[in-house]
Amino acid sequence: MKKIFIPFLIVLLSYNAVGQEQDATSQRVITTGVPFILIAADARSAGMGDIGVATSADAFSQQWNPAKYAFAISKQGVGVTYTPYLSQLVNDIFLGNLTYYNRINERSAVAASFRYFSLGDIELRETAEQEPLIQSPNELTFDVSYALRLSDRFSMAVAGRYLRSDLKLQAGDADASAGSSFAVDVAGYYQSEEIPYNDFDGRWRAGFNISNVGPKISYDETGQENNLPTNLGLGGGFDFILDEYNKIGVNAEVNKLLVPTPSDSNDDGVIDREDDYYNESFFSGIFSSFGDAPDGFSEELKEFTWALGAEYWYQDVFAFRLGYFNESEDKGFRKFLSLGAGFKYTAINIDISYLFSTSKVRSPLEGTLRFGLTFNFGDEYDEY
């Protein structure tokens, strides 16, 4: 049997890139294809507990809520991010992201982004003495979006996305091939005008994003398919504008995968591809995902994740961020605290973030510094 480096196996087991069998009495964790799409690609959102649906607009709004681009301050922007993955085990697994947006006029904007997830180099060999065959599995997405302000304070956006997942190993499975699919997002964003209160001014924000709606993805010719990570994100926030130098933004967000809950419909004691949930279409699965949990409403609530985040800006030059993310221990048990900072010099923004796991399940991003760089150029709009 050909040897595959252990880090690659660790990634595949923790990554849930393809469906897997579960004991019917075990935790019913929802798994999907291409889950890397849900990893926070930018350091600003990562520093606030993976929050971005209703935060103020920035270059990386494409992942969280493209409708925010209609409220961008700068006419154009380019963002680049780099996120090491499993950095305490290997040094060649990473997530990279490149985003460009252009606010065409006061009411509309377009954007495009490219996201690339590299699972590093894998060595395959028959014997220890044999010259290894190097494989480089990877996944990527390319998407475009259009945002339009339907009123002075509310905008909506649509995005189209191409996905490709190449996890095949040439020497491992002759029938395996790269999987591909497409998806769309529908998003909305509200931002109030600046409202005077007794001791400060304030601004309300709210948003939603239904993302990754599209056909299932298949990795082989046997008909085995995996749902895309279709997700509903709802968020709200408020900016405390204390004076011309100090501003604090607080944010809250909830997310739910719009994917059927694994269940043992044929009562054979195992949750697998023979059960009804697996054969349900992606479209009907979106609606059934709100009421298909075997334990009823209490289990449905466990499938929501929630996060809280805050961001402090001083003179729009320096930012400090703090966030917390929570997921039920029966649905993945991701719980972590995050810290972040931002620096702005003329038209350049630099962002970094760091994550601390607070549950027994350690995050693959534990102890990882994430970096983001944004270049803003062109005229500025007076949104405030």
Test Tyr312 against Phe320 for ring-ring contact (aromatic ring centres under 6.0 Å, His included), laying out the working first. CA-CA 5 Å; Tyr312 166 75; Phe320 177 75; 8.3 Å; no
What do you reckon, are the aromatic ring centroids of [X] and [Y] less than 6.0 Å apart?
X	Y	value
Phe318	Phe343	yes
Tyr162	Phe142	no
Tyr85	Phe117	yes

Distance check, rounded to the nearest 0.5 Å: [X] atom [atom1] versus [Y] atom [atom2]?
X	Y	atom1	atom2	result
Ser211	Arg161	OG	CZ	6.5 Å
Thr261	Ile30	OG1	CD1	4.0 Å
Asn227	Ile217	CG	CD1	11.0 Å
Trp306	Asn255	CH2	CG	13.0 Å
Ser56	Ile73	OG	CD1	8.5 Å
Asn376	Tyr101	CG	OH	5.0 Å

Per the side-chain contact (heavy atoms from CB on, under 4.5 Å) rule, which among Thr81, Ile352, Leu355 passes with Arg370?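 Going through Thr81, Ile352, Leu355 one by one, the side-chain contact (heavy atoms from CB on, under 4.5 Å) with Arg370 is satisfied by Leu355 alone.
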Check ion pair [X]-[Y] (N to O, under 4.0 angstrom):
X	Y	answer
Asp351	Arg321	yes
Arg44	Glu311	yes
Asp316	Lys344	no
Asp239	Lys247	no
Glu299	Lys331	yes

Taking salt bridge (charged side-chain N to carboxylate O under 4.0 Å, His left out) as the cut-off, I'd like each qualifying pair that reaches into residues 248-262, sequence neighbours left out, listed once.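 Salt bridge (charged side-chain N to carboxylate O under 4.0 Å, His left out) check on residues 248-262 returns Lys256-Glu300, Lys256-Glu303.
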Over 60° means perpendicular and under 30° means parallel, so classify the ring planes of Phe114 and Tyr116, tilted if in between.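 Answer is parallel, since the angle falls under 30°.
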Does [Y] offer a backbone N or O that forms a donor-acceptor pair with the side chain of [X] under 3.5 Å?
X	Y	value
Ser113	Leu98	no
Thr358	Lys335	yes
Arg164	Gly179	no
Ser74	Gln76	no

Check: Arg103 and Tyr69 side chains under 4.5 Å, non-hydrogen atoms: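 SC-SC contact between Tyr69 and Arg103 ruled out.
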Hey, does the Lys NZ or Arg CZ of Arg149 hover above the aromatic six-ring of Phe71, less than 6.0 Å from the centre and inside 45° of the axis?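 The answer is yes; both the distance and angle limits are met.
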I would like to know whether Asn209 and Tyr189 meet side chain to side chain donor-acceptor pair (under 3.5 Å); could you show each step before the answer? CA-CA 9 Å; Asn209 189 17; Tyr189 178 70; over 6 Å; no
What I want to check is whether the side chains of Asp42 and Ser45 have a donor and an acceptor closer together than 3.5 Å.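 Yes, because at least one side-chain N or O of Asp42 sits under 3.5 Å from a partner of the opposite role on Ser45.
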